[in-house]
Amino acid sequence: PRLIACDPDRLAGVEPLAASIGAAVLTLGRDGQGTLASQASRQATQFSDLARGPDDLAAILYTSGTTGRSKGAMLSHENLASNARVLVEQWRFGADDVLIHALPIFHTHGLFVATNVVLMAGATMLFEQKFDPARILSLMPRATALMGVPTFYVRLLQQEGLTREAAKTIRVFISGSAPLLAETHKAWRERTGHAILERYGMTETNMNTSNPYDGERRAGTVGFPLPGVSLRVTDLETARPLAQGEIGMIEVKGPNVFAGYWRMPEKTKAEFRDDGFFITGDLGLIDADGYVHIVGRGKDLIISGGYNVYPKEIESEIDALDGVSESAVIGVAHPDFGEGVTAVVVRKPGSAIEAADIAAAIAGRLAKYKHPKQVIFVDELPRNTMGKVQKNLLREAYKDIYKPS
Ligand code: MCA
Ligand code: AMP
């Protein structure tokens, strides 16, 4: 990086890092103030555009992996533009639309899906600093659309004021980033009269599928491949395309799919087939009517409130603690976050380490949303004959721990 833009409060921490790689630092705060804004305001208002072509790099978005360093997904101008064009058309966005934007802008959902659709359509955005359900409800009469992760809809349903009347100016409610439970879809429909439109994407691919704007928005499915996107389901062992209805790996190809990982040619090669299909790591099937269902993940990933959590990162922190022999981190059904990060821990003989000790040790080392919501101690972890921890058995054993009693 040549230039780093950071929160003014973070400047002292960022400056030495920037100096070590010879990058400049400018600041931009939540209030729009900072050296980036002040220097920009002193620039000429007339200048020629830099010529950019469809294949030129537009952004590198970092995404974690199961192991090792996070990977920089290289997205081209055509990746972003083609996806925005398709979504504007599919979701019927126009200049009269007003989108409530309450998503973080350090992920594809808030950064590209919401923002690029609004920009491409010449629509208006109500840009919120954070998701506050009561505030969203108060903005609804001024808006025509909302995009959110399932937790948004779960929390809005807890608001008494969520009624047909409150939602009457809204044209479309869109959900993505994590599975929307069929029961949330149903409850939303009963309360507001709207069927939430669920779609499916990834940092590497932008959006791949969407339920229809007109036609049945089928709960528990992510709809059809977007125009221009090819999607197939393949056998996990042989990589051969499977018949309709069979469960396998979801693979996609199209103008939306990224150019590869920044300076990681081997990783890039490993995630593409020879014919150009990208291996998503999501398991799914295509039903008799062509709707795509995501039924699980081939990758060891937890999605909590729309944020990705890779168990390995947390297991490494916990395993490093005195008193811990080993751990397995799993995602367990959670009423608010969809999946709750849960640690199953084996103590060392004679150790008296408690959940609070683990929480204290990882505080400040891992982002808050990665912290286990519960720590469970066991005598040993279940393993298969190959010695691999059987996380499926753990997920089954603890599947009800977050169920409201
Ligand atoms: C906050 N906390 C969480 C999460 N968020 N814990 C687990 N999972 C989370 N997602 C913790 C806080 O640290 C806090 O801990 C406690 O939960 C309550 O915090 P609260 O203030 O209520 O949380 P919030 O600020 O309301 O955040 C919830 C949220 C947020 C609004 C759902 O997580 C969010 O904006 N998620 C959206 C993520 C997103 O945009 N993902 C898109 C990725 P304590 O009480 O202990 O202090 S892009 C993507 O996936 C692809 C490409 C796609 O298809 O879109
Ligand atoms: P990210 O790695 O942050 O780009 O997140 C992408 C992952 O989010 C996908 O590979 C899926 O596992 C998941 N995802 C996104 N949208 C949906 C959805 N509608 N239903 C289920 N999973 C989803």
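The structure presented is a predicted model; accordingly, all values stated were derived computationally and were not measured. Atoms within a ligand are numbered from 1 in the order they appear, just like the ligands themselves.
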With respect to M207, which candidate in V229, L87, V86 satisfies the side chain to side chain contact (heavy atoms under 4.5 Å, CB included) definition? L87
In sequence, state the C-alpha distance, the side-chain angles, and the governing distance for D97 and T144, and then conclude on side chain to side chain donor-acceptor pair (under 3.5 Å). CA-CA 6 Å; D97 273 306; T144 64; 2.6 Å; yes
Starting from atom 10 (N) of ligand 1, which protein heavy atom do you reach first, and at what distance in Å? S304 O, 2.8 Å
Is there a donor-acceptor contact under 3.5 Å linking the side chains of E204 and Y261? yes
Protein contact of atom 3 (C) of ligand 1 - nearest heavy atom, named by residue and atom, plus distance: F337 CZ, 3.4 Å
Would a distance-only check, ignoring hydrogens and angles, find a side-chain to backbone donor-acceptor pair under 3.5 Å from K399 to L394? no
Specify the closest pair of heavy atoms between P212 and R217, including all atoms of both residues, with the distance to one decimal. O-NE, 3.1 Å
ring-ring contact (aromatic ring centres under 6.0 Å, His included) test vs H101 passes for just one of F127, F131, F152, namely F127
State if R199 counts as touching ligand 1 under the rule of any non-hydrogen atom under 4.0 Å. yes
Identity and separation of the nearest protein heavy atom to atom 55 (O) of ligand 1: S177 OG, 2.6 Å
Any N or O of M202 closer than 3.5 Å to N or O of ligand 1: no
Atom 16 (C) of ligand 1 protein-contacted, heavy-atom criterion under 4.0 angstrom: no
For atom 6 (N) of ligand 1, decide whether some protein heavy-atom distance is shorter than 4.0 Å. yes
Is atom 32 (C) of ligand 1 near the protein, in the sense that some protein heavy atom lies at less than 4.0 Å from it? yes
Would you call the rings of F106 and Y307 parallel, tilted or perpendicular if under 30° counts as parallel and over 60° as perpendicular? parallel
Checking a contact table here: which protein heavy atom is nearest atom 30 (C) of ligand 1, and how many Å away? Y307 CE1, 4.0 Å
Do NZ/NE/NH1/NH2 and the carboxylate oxygens of E183 and R189 come within less than 4.0 Å? no
Which heavy atom of the protein is the closest neighbour of atom 14 (C) of ligand 1, given with residue, atom name and distance? K368 CG, 4.6 Å
Counting each atom of ligand 1 from 1 as listed, which ones have a heavy atom of H107 under 4.0 Å away? 42 (C), 43 (C), 48 (S)
Would you name the heavy atoms of I4 and V14 that are closest together and state the gap between them? CG2-CG1, 3.9 Å
Give a yes or no on whether atom 53 (C) of ligand 1 lies under 4.0 Å from any heavy atom of the protein. yes
Distance from atom 21 (O) of ligand 1 to nearest protein heavy atom, with residue and atom: K130 NZ, 4.1 Å
Considering non-hydrogen atoms only, spot the tightest contact between M202 and N208 and give its length. N-ND2, 4.5 Å
Spacing of CZ belonging to R30 relative to CG belonging to D7, to within rounding of 0.5 Å: 7.5 Å
Could you check atom 36 (N) of ligand 1 against the protein and tell me its nearest heavy-atom contact, residue, atom and distance included? G305 O, 2.9 Å
Atoms of ligand 1 under 4.0 Å from any heavy atom of G201, numbered from 1 in the order shown, are 54 (O)
Protein residues near ligand 2, heavy-atom distance below 4.0 Å? S177, A178, P179, E198, R199, Y200, G201, M202, T203, V222, D282, I294, R297, K299, I303, N308
Taking only non-hydrogen atoms of G110, do any sit less than 4.0 angstrom from ligand 1? no
Considering only heavy atoms of T151, which atoms of ligand 1 have at least one such atom less than 4.0 Å away? 32 (C)
Protein residue, atom and distance nearest to atom 27 (O) of ligand 1, heavy-atom basis: R155 NH1, 4.1 Å
Using a 4.0 Å cut-off to any heavy atom of T203, which atoms of ligand 1 qualify? 52 (C)
Within a distance under 4.0 Å of any heavy atom of K373, pick out the atoms of ligand 1 and give their elements. 3 (C), 6 (N), 7 (C), 11 (C), 17 (O)
Parallel, tilted or perpendicular: which describes the rings of F258 and F278, with under 30° parallel and over 60° perpendicular? perpendicular
Qualifying residue, where the test is side chain to side chain contact (heavy atoms under 4.5 Å, CB included) with L126 and the options are M140, R142, R135: R142
Does H371 have a non-hydrogen atom less than 4.0 Å from ligand 1? no
Which residue pairs satisfy the side chain to side chain donor-acceptor pair (under 3.5 Å) criterion with at least one member in residues 11-28, sequence neighbours excluded? T27-T35
